[in-house]
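Following: one structure in structure tokens, then a few remarks.
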Number of protein chains: 2
Amino acid sequence: MGAKARPSSAQGPSKSAITRERIITAAAQVLAERGYAGTKLSDIAERAEMKAGSLYYHFEDREDLVDHVLKRGVDESFRRVKTALKALPKDAGHVRKLETAIDAHVHSILQFGDVTSASLQLLRQLPPELQPRYRREQQRYGAVWHKLIVAAQNDGAIRDDLDPVRLRLFILGQLNWVADWPRTAVGDRDELRKEAVALVLHGVVPSREGR
Amino acid sequence: MGAKARPSSAQGPSKSAITRERIITAAAQVLAERGYAGTKLSDIAERAEMKAGSLYYHFEDREDLVDHVLKRGVDESFRRVKTALKALPKDAGHVRKLETAIDAHVHSILQFGDVTSASLQLLRQLPPELQPRYRREQQRYGAVWHKLIVAAQNDGAIRDDLDPVRLRLFILGQLNWVADWPRTAVGDRDELRKEAVALVLHGVVPSREGR
DNA sequence: GTCTATACGACGATAGAC
DNA sequence: GTCTATCGTCGTATAGAC
């Protein structure tokens, strides 16, 4: 990589910002496959094509770096789902909203697979002192889904014989697991998103009037 | 492998065997919440109420201990699902079989939560050299589900517009995630199992003739 | 069987050259 | 900004007492 540092006169990210980005991506990949404690700075550095010591120019320490990966992972799905919901017409039905949220959540997982996967499994593995911050963020996201589900149940748009909390966890669990699928199974992404929506909404049994 | 296998007589488990069991359980718990590399022998020892050095009397080394936890985790669901399927009447329908497998899988997760949870997330985190053995075991389990799903699709018992591989991953993902639920969300276990079956089969939208 | 004490290696972090 | 060199810490594993 002998690219000359280009003076960021006009606009666009500085070289430093680009490097930071490269490091975060590399970190997310290693974290996703090795877990929190299994991730060595030397591995991150190698994947980002630099030496371990150089990381300290961009981040305070290991924890600071993990912090950035984690925050981004939790935020990504959140932002995307909120945006997608807001883009819906005001009079959209509950089922339509749910479809939209499912599609957006899966979409974010497919696009930011490593970051999402890393943040999802890391939440458990973090040293207890570090957990509260991210748990809170995750709960705010969970709350969005919870409202969606409860509102839909109250209006009779979806079945109300399932506990809303468990229902949310079932749905998100099914979708989150996609981050861990073997690449070969993912296949066509649009197809996958459609299937996810279909499965959550209608299940595997073909509908029959006299269920 | 680990400790010496006692020539099995008619007596109960030796004291050594009991201790081994205690250690494996402790290890599963720590592995489930800290990940592979995050699990220190001292933590396992503490939870098993002994000192770290003493573990080496029962297991060759760290890897040997993890090995036992992992093997058990993959086996548990497998055994339970196979047994449940065999107990069905020969003429059981495809949907009935699927229900049974779902119920058994969830049941095993609820009962061996730590071991299952540990083995599920550890598969990814293992050093590459150690993975093949467990992957193979997991694939054998996946094959059972695959056959179930394909057979059901071919007979028109379940919808065939979803890719069978992805369908399997969706279903198992939804169920596996239960291992990571907060204890407070699990609630009544029988209720949870029923809900899991209902959700996979019929989804969240109440059935209507003109879907 | 379990303990304490210790060697040994691996990784995080810092300092200073370029 | 990135490198090399180095220090300190911590965890695995071993040795030997009880």
Side-chain angles (χ1 to χ4, degrees), chain A residues 1-8 12-27 30-31 33-70 122 125-130, chain B residues 1-6 11-27 30-31 33-69 122 125-130:
Chain A
M1 300 283 294
K4 295 275 158 81
R6 147 201 95 162
S8 60
S14 64
K15 183 181 178 204
S16 175
I18 293 175
T19 306
R20 271 176 70 91
E21 210 52 35
R22 206 176 68 232
I23 296 172
I24 289 178
T25 304
V30 182
L31 283 165
E33 65 188 45
R34 288 299 165 87
Y36 176 73
T39 295
K40 295 176 287 188
L41 291 181
S42 55
D43 292 338
I44 297 174
E46 188 178 1
R47 206 169 297 210
E49 292 172 14
M50 44 190 331
K51 299 296 177 179
S54 312
L55 295 174
Y56 286 84
Y57 176 82
H58 300 277
F59 297 91
E60 279 191 10
D61 54 14
R62 196 186 117 110
E63 190 184 314
D64 181 42
L65 173 50
V66 174
D67 207 59
H68 280 81
V69 176
L70 225 28
L122 257 50
Q125 298 177 12
L126 284 181
E129 322 81 82
L130 300 180
Chain B
M1 286 298 196
K4 14 278 160 188
R6 219 177 38 126
Q11 310 153 13
S14 65
K15 181 179 177 207
S16 175
I18 293 175
T19 306
R20 271 175 69 91
E21 211 51 35
R22 205 175 68 232
I23 295 172
I24 289 178
T25 304
V30 182
L31 283 166
E33 65 188 46
R34 288 299 166 86
Y36 176 72
T39 295
K40 294 176 288 189
L41 292 182
S42 55
D43 291 339
I44 297 174
E46 188 179 359
R47 206 169 297 212
E49 292 171 11
M50 45 190 329
K51 299 296 177 179
S54 311
L55 295 174
Y56 287 85
Y57 177 80
H58 299 279
F59 297 91
E60 278 190 10
D61 54 14
R62 195 186 118 109
E63 189 184 316
D64 181 42
L65 172 49
V66 174
D67 206 60
H68 280 81
V69 175
L122 257 50
Q125 300 177 12
L126 283 181
E129 321 81 83
L130 301 180

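Numbers restart at 1 for each chain; the letters A, B, ... are given by sequence-line order, proteins then strands. From a predicted model like this one, the values you see are computed outputs, not experimental measurements.
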Heavy-atom distance under 4.5 Å between the side chains of F59(B) and D67(B), does that happen here?
no
Residue pair Y36(B) / Q125(A), side-chain heavy-atom distance below 4.5 Å:
no
Verify, without hydrogens or angle tests, whether R22(B) (side chain) and A48(B) (backbone) share a donor-acceptor contact under 3.5 angstrom.
yes
Show every side chain to side chain donor-acceptor pair (under 3.5 Å) that has at least one partner inside residues 42-53 of chain B, sequence neighbours left out.
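Counting only pairs at least two positions apart or across chains, the side chain to side chain donor-acceptor pair (under 3.5 Å) contacts touching residues 42-53 of chain B are Q29(B)-R47(B), E33(B)-R47(B).
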To the nearest angstrom, the CZ-C1' distance between F59(B) and dG1(C) comes to 14 Å
Can you give one letter per nucleotide of nucleotides 2-18 of chain C, going 5' to 3': B for a protein heavy atom under 4.0 Å from the base, S for sugar-phosphate only, - for none?
BBS------SSBB----
Distance, nearest 0.5 Å, that separates CD1 of I44(A) from CG of L65(A)
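CG of L65(A) is found 5.0 Å from CD1 of I44(A).
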